[in-house]
Protein chains: 2
Amino acid sequence: MKTTQSAPKKDVRVTIKTVAEHAGVSVPTVSKVLRNAYGVSAKARSRVLASIDQLQYRPSASARGMRGQTYTIGIVMPDVRNPFFPTILEGVEAVLAETPYVTLTGIVGKPGKVVSIVNAMLDRQMDGIIMIGQRLPPEEMKLVASALPTVIVAHHEPDALTFDTVNNDDLRGGQLAADHLLQQGYKNPVMVTITRQDIVRMDVDQLRVEGYRRALAAAGISVPRVVASADMLDDVTATIRHLLEGEDPPDALFGWADYYALEILSAVRALGYRVPEDVGIIGYDNSDPCSYTQNDLTSIDQSGQEIGRRAAQLLLERIGGRTEAVHVVTEPKVVGRGSTGRIPPLDEAAASNGAEFGSPQAI
Amino acid sequence: MKTTQSAPKKDVRVTIKTVAEHAGVSVPTVSKVLRNAYGVSAKARSRVLASIDQLQYRPSASARGMRGQTYTIGIVMPDVRNPFFPTILEGVEAVLAETPYVTLTGIVGKPGKVVSIVNAMLDRQMDGIIMIGQRLPPEEMKLVASALPTVIVAHHEPDALTFDTVNNDDLRGGQLAADHLLQQGYKNPVMVTITRQDIVRMDVDQLRVEGYRRALAAAGISVPRVVASADMLDDVTATIRHLLEGEDPPDALFGWADYYALEILSAVRALGYRVPEDVGIIGYDNSDPCSYTQNDLTSIDQSGQEIGRRAAQLLLERIGGRTEAVHVVTEPKVVGRGSTGRIPPLDEAAASNGAEFGSPQAI
DNA sequence: CGATATCTGGATAACGTTATCCAAAATCGA
DNA sequence: TCGATTTTGGATAACGTTATCCAGATATCG
């Protein structure tokens, strides 16, 4: 046994070296065990594992990062206020739970911070990135995706070669929303979407607008109306007031996302209009608050869980070596609730669970 | 000028060495500039900074982690659904924006994952941790706090020596809620709090309960009622149904937190009761959704922004070397809205902004 | 049974940064 | 002007891990 003089170990930090000495093997051998690498006998492996367990050893991600992987996946989230995002995260975690990977989330408060967050993730040698509803300018994006495996959620770019995307079929979702409103008897809907400084043509909101427009045009409404507003309650309220008290007031409103539709709902009620009798409202995402009685919001479901799972799977595949791009699109569906019900089904059992509608019409 | 033979640089990666060569100085000198360390002339410094800028150099956090700091602060968040947390994060970011520190958030989905997230942060050599509404078992906590600077938000432990805490005065907040309900004419309130497997005596929910109990007892209500329920809509609804359809139904409900009170609101309305006429509802946190017309929820404000700022400041101080513990407590206040208004002030200007009430009574 | 292939374990050299020194240069004080 | 002090810049040695070898041991095959 190779017992060194046992110098006065000044620090108690357990490193791979401590483990190696304890197990009576070399440092590289322990490393191989840690990485499930080839070249260790079952006997040696179990001895090492025992030592690791006994010494409570945990490898340093910093040191690992200098040569190999950090087993860290970065998630970039635009904000924490959108109630749809948690569901995506759940899906991601469900897949990653079985793996040695850990996720750390960068929360983009102010727009423009995306770059610095992504850079921070690069600096920290993360093994991959999942970006939710965010995209960098094309040049930066290319740089990032070439630097590490990247999956983007909620941004359509089916021709992208260097990264994967996972999306709901937002064009179709927009159509479903429009068709549902018409089907419920509304004649004069307006879609309310978000104003953004960094409009990217293929972002989800744009596609929902496009789907909405096509469906209404197909139904004979020549000039489908769409307005934009910042996503703060005050701005939304001002916009809605302008619409409802202006000329040709709409009888239905389509909010581009749930958290947004909830603000619309607030504004409509604040102005004294009844939902759904005076104004019908439909959102997008079918997030948790939709089913609260006070909201009772019809919405387009896009299964965040599945989107999250697919994103995580794709990222693992990329980390595993895949280089061809994969672009996943999931199917949306309408979940009807009181906000488009004309007669509010407050006392029906269906109220809290929502009722599914079939797809009214293909493109 | 010390120009090496310029070997076929096989990789384009810009390291501290590249910068040093480019600026014509040694590697340690560049390092000093990066850390604002003593021992570099203004001239050398500016030359190095120019090179950094020109080469677009970014230091590797992994390499840094092996010797010095990683300039990374870990935030541990219980979940992303509570609308109060984003406000805390805003406060934290506001302080950290001026510094070289980056925050990465670990989102604890399932309870019990806290340990693995904190471990992941330790493994990644983070410089400090802010834990929100979470705490490890005392032994683990001691270990973590001795390993790196730690600040805990939303957990009271004024005697803790190894970490700082930032809290609202939840005892007082509980009293304010109770007093407000009485003041509005409600006679028979019930507090609805959350069931937890890991009840810690000094956690915020417990203190709110205690404050609520004391205030009611002081007002002559001998046995203040408190019930607990899991924080899922279905469970809350069942609990509320049980209360309102049972013996001695309450005329007011105090939800331990806003996101919870919103579920209570949903349940109460689903059962056909009017708010605030039949049942008054008050929450805690004064988060964004409170001001939505459909919620119009009275709540106890605890200024998440300030809590976040203080937490970040304390952590920076600890990273800077402070070792004595500091425990900050902020003052709560009532923000009255329609849900406890008896007459819902839907058309008043006060509806969306809420009206502040003075502190009804000291302890 | 000898030659060859496979398996196992370790020696060695990075990875990119910072901490700790130390020597030379510049500044200061009398 | 000369020694004493301060400032500056760099040489050197880590930090904890993994990748790339290579040699010895073991298994396989004709």
Side-chain angles (χ1 to χ4, degrees), chain A residues 1-2 4 7 9-49 51-52 55 57-72 100 122-125 127, chain B residues 1-2 4 7 9-49 51-52 55 57-72 100 122-125 127:
Chain A
M1 193 180 261
K2 187 168 70 177
T4 11
K9 275 176 192 166
K10 63 175 182 179
D11 216 338
V12 277
R13 164 131 213 194
V14 177
T15 73
I16 199 173
K17 202 174 151 199
T18 328
V19 175
E21 283 166 5
H22 186 271
V25 298
S26 74
V27 165
T29 300
V30 177
S31 175
K32 284 178 190 169
V33 172
L34 288 174
R35 291 170 291 130
N36 273 311
Y38 177 83
V40 200
S41 65
K43 211 182 91 196
R45 171 180 305 275
S46 69
R47 205 141 42 104
V48 168
L49 288 176
S51 293
I52 287 176
L55 297 171
Y57 165 72
R58 301 186 56 86
S60 147
S62 292
R64 284 183 144 181
M66 298 206 57
R67 297 287 291 167
Q69 300 187 241
T70 56
Y71 299 95
T72 310
L122 287 170
D123 297 344
R124 281 155 189 77
Q125 311 285 125
D127 297 336
Chain B
M1 190 179 265
K2 188 168 72 177
T4 13
K9 277 175 192 169
K10 61 175 182 180
D11 215 340
V12 277
R13 164 133 213 190
V14 177
T15 73
I16 199 174
K17 201 174 152 196
T18 327
V19 176
E21 282 166 5
H22 186 272
V25 298
S26 74
V27 165
T29 300
V30 177
S31 175
K32 284 178 190 168
V33 172
L34 288 174
R35 291 171 292 130
N36 273 311
Y38 177 85
V40 199
S41 66
K43 211 182 91 196
R45 171 181 305 277
S46 69
R47 205 141 41 104
V48 168
L49 287 176
S51 294
I52 287 176
L55 297 171
Y57 164 72
R58 301 186 54 86
S60 148
S62 292
R64 284 182 142 182
M66 297 205 57
R67 298 286 293 169
Q69 301 186 241
T70 56
Y71 298 94
T72 310
L122 286 171
D123 297 345
R124 281 155 189 77
Q125 311 285 124
D127 296 337

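All heavy atoms count here, side chains included; hydrogens, waters and symmetry mates do not. Protein chains get the first letters and strands the later ones, always in sequence-line order, with residue 1 at the start of each. What you see is a predicted model, and the numbers here were worked out from it, not measured in a lab.
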Engineer: Can you pull every protein N or O that's under 3.5 Å from an N or O on nucleotides 24-26 of chain C?
Structural biologist:
none

Engineer: Kindly say if A:Thr15 contacts the phosphate of D:dG16, meaning a side-chain N or O under 4.0 Å from OP1 or OP2.
Structural biologist: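 The answer is no; no side-chain N or O of A:Thr15 sits under 4.0 Å from OP1 or OP2.
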Engineer: In whole angstrom, what separates A:Arg124's CZ from C:dC15's C1'?
Structural biologist: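 In whole Å, C:dC15 C1' and A:Arg124 CZ are 18 Å from each other.
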Engineer: Mind checking the CG-CG spacing from A:Leu34 to A:Leu49? Nearest 0.5 Å is all I need.
Structural biologist: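 One gets 8.5 Å once the value is rounded to the nearest 0.5 Å.
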Engineer: Taking only heavy atoms on the protein side, list every residue of residues 34-44 of chain B lying under 4.0 Å from any atom of DNA chain D, sorted numerically.
Structural biologist: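 Contacts with DNA chain D under 4.0 Å: B:Tyr38, B:Gly39, B:Val40, B:Ser41, B:Ala44.
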Engineer: Only counting residues at least two apart or in another chain, list the ones meeting side chain to side chain contact (heavy atoms under 4.5 Å, CB included) with B:Arg47.
Structural biologist: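 By the side chain to side chain contact (heavy atoms under 4.5 Å, CB included) rule, B:Arg47 matches B:Val25.
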Engineer: Report the distance from atom NZ of B:Lys17 to atom P of D:dG10, rounded to the nearest whole Å.
Structural biologist: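 Atom NZ in B:Lys17 sits about 15 Å away from atom P in D:dG10.
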Engineer: I want to check one thing: is the phosphate of C:dG10, taken as OP1 and OP2, less than 4.0 Å away from some side-chain N or O of A:Thr29?
Structural biologist: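 Affirmative; the distance criterion is met.
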Engineer: What is the distance, rounded to the nearest whole Å, between atom CD of B:Glu21 and atom C1' of D:dG10?
Structural biologist: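 Computing the B:Glu21:CD to D:dG10:C1' distance gives 15 Å.
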Engineer: Looking only at side chains, do A:Arg35 and A:Ser31 share a donor and an acceptor under 3.5 Å apart?
Structural biologist: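 Checked: A:Arg35/A:Ser31 side chains pair up, N/O donor to acceptor below 3.5 Å.
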Engineer: How many whole angstroms separate atom NZ of A:Lys32 from atom P of D:dT17?
Structural biologist: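 My rounded result for the distance is 16 Å.
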Engineer: Would you say the base of C:dT17 and the side-chain of B:Arg67 have a donor-acceptor pair closer than 3.5 Å?
Structural biologist: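 Such a pair does not exist between side chain and base.
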Engineer: Counting any heavy atom closer than 4.0 Å, what does A:Val25 reach on the DNA or RNA strands: base, sugar-phosphate only, or nothing?
Structural biologist: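 The answer is sugar-phosphate, as A:Val25 gets under 4.0 Å only of primed atoms, P, OP1 or OP2.
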Engineer: Which residues satisfy the side chain to side chain donor-acceptor pair (under 3.5 Å) test with B:Ser60, sequence neighbours excluded?
Structural biologist: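 Scan of B:Ser60 (side chain to side chain donor-acceptor pair (under 3.5 Å), adjacent residues dropped) gives none.
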Engineer: What is the distance, to the nearest angstrom, from the CZ atom on B:Arg58 to the P atom on C:dT17?
Structural biologist: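 The answer, rounded to whole Å, is 12 Å.
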Engineer: Please tell me if B:Tyr71 has a side-chain N or O lying less than 4.0 Å from either OP1 or OP2 of C:dT18.
Structural biologist: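 Result: no.
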Engineer: Nearest whole angstrom, please: distance from the C1' of C:dG16 to the CG of A:Asp123.
Structural biologist: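 It is 12 Å, rounded to the nearest whole Å.
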Engineer: For the pair made of CZ in B:Arg13 and C1' in C:dA14, what is the distance, rounded to whole Å?
Structural biologist: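 Taking atom C1' of C:dA14 as the reference, CZ of B:Arg13 is at 14 Å.
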Engineer: Counting side-chain heavy atoms from C-beta on, which of D:dT17, C:dC15, D:dG9 comes nearest to A:Met66?
Structural biologist: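 Looking only at side-chain atoms, A:Met66 lies closest to C:dC15.
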Engineer: Please determine whether a side-chain nitrogen or oxygen atom of A:Ser60 lies at a distance below 4.0 Å from atom OP1 or OP2 of D:dG16.
Structural biologist: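 No, outside the criterion.
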Engineer: Excluding sequence neighbours, so at least two apart, what forms side chain to side chain donor-acceptor pair (under 3.5 Å) with A:Thr29?
Structural biologist: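 Once residues adjacent in sequence are excluded, the partners of A:Thr29 under the side chain to side chain donor-acceptor pair (under 3.5 Å) criterion are A:Ser26.
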Engineer: Please name all residues satisfying side chain to side chain donor-acceptor pair (under 3.5 Å) with B:Arg124, sequence neighbours left out, ordered by chain then number.
Structural biologist: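 So B:Arg124 forms a side chain to side chain donor-acceptor pair (under 3.5 Å) with A:Thr72.
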Engineer: Any side-chain N or O of B:Arg64 less than 4.0 Å from the OP1 or OP2 oxygen of C:dT18?
Structural biologist: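 Yes, such a contact exists.
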Engineer: Residues in side chain to side chain contact (heavy atoms under 4.5 Å, CB included) with B:Ser46, at least two apart?
Structural biologist: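 Not a single residue meets the side chain to side chain contact (heavy atoms under 4.5 Å, CB included) criterion with B:Ser46.
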Engineer: Rounded to the nearest 0.5 Å, what's the gap from CG on A:Leu55 to CD1 on A:Ile16? Could you check?
Structural biologist: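 Rounded to the nearest 0.5 Å, the CG-CD1 separation comes to 12.0 Å.
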Engineer: Excluding sequence neighbours, so at least two apart, what forms ring pair (Phe, Tyr, Trp, His ring centres under 6.0 Å) with B:Tyr57?
Structural biologist: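 B:Tyr57 satisfies ring pair (Phe, Tyr, Trp, His ring centres under 6.0 Å) with no other residue.
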Engineer: Roughly how many Å is it from CD in B:Gln125 to C1' in D:dG16, rounded to a whole number?
Structural biologist: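 Going from CD in B:Gln125 over to C1' in D:dG16 covers 9 Å.
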Engineer: Could you pull out all residues at least two apart from A:Asp123 that satisfy salt bridge (Lys or Arg N to Asp or Glu O under 4.0 Å)?
Structural biologist: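 Only B:Arg58 meet the salt bridge (Lys or Arg N to Asp or Glu O under 4.0 Å) criterion with A:Asp123.
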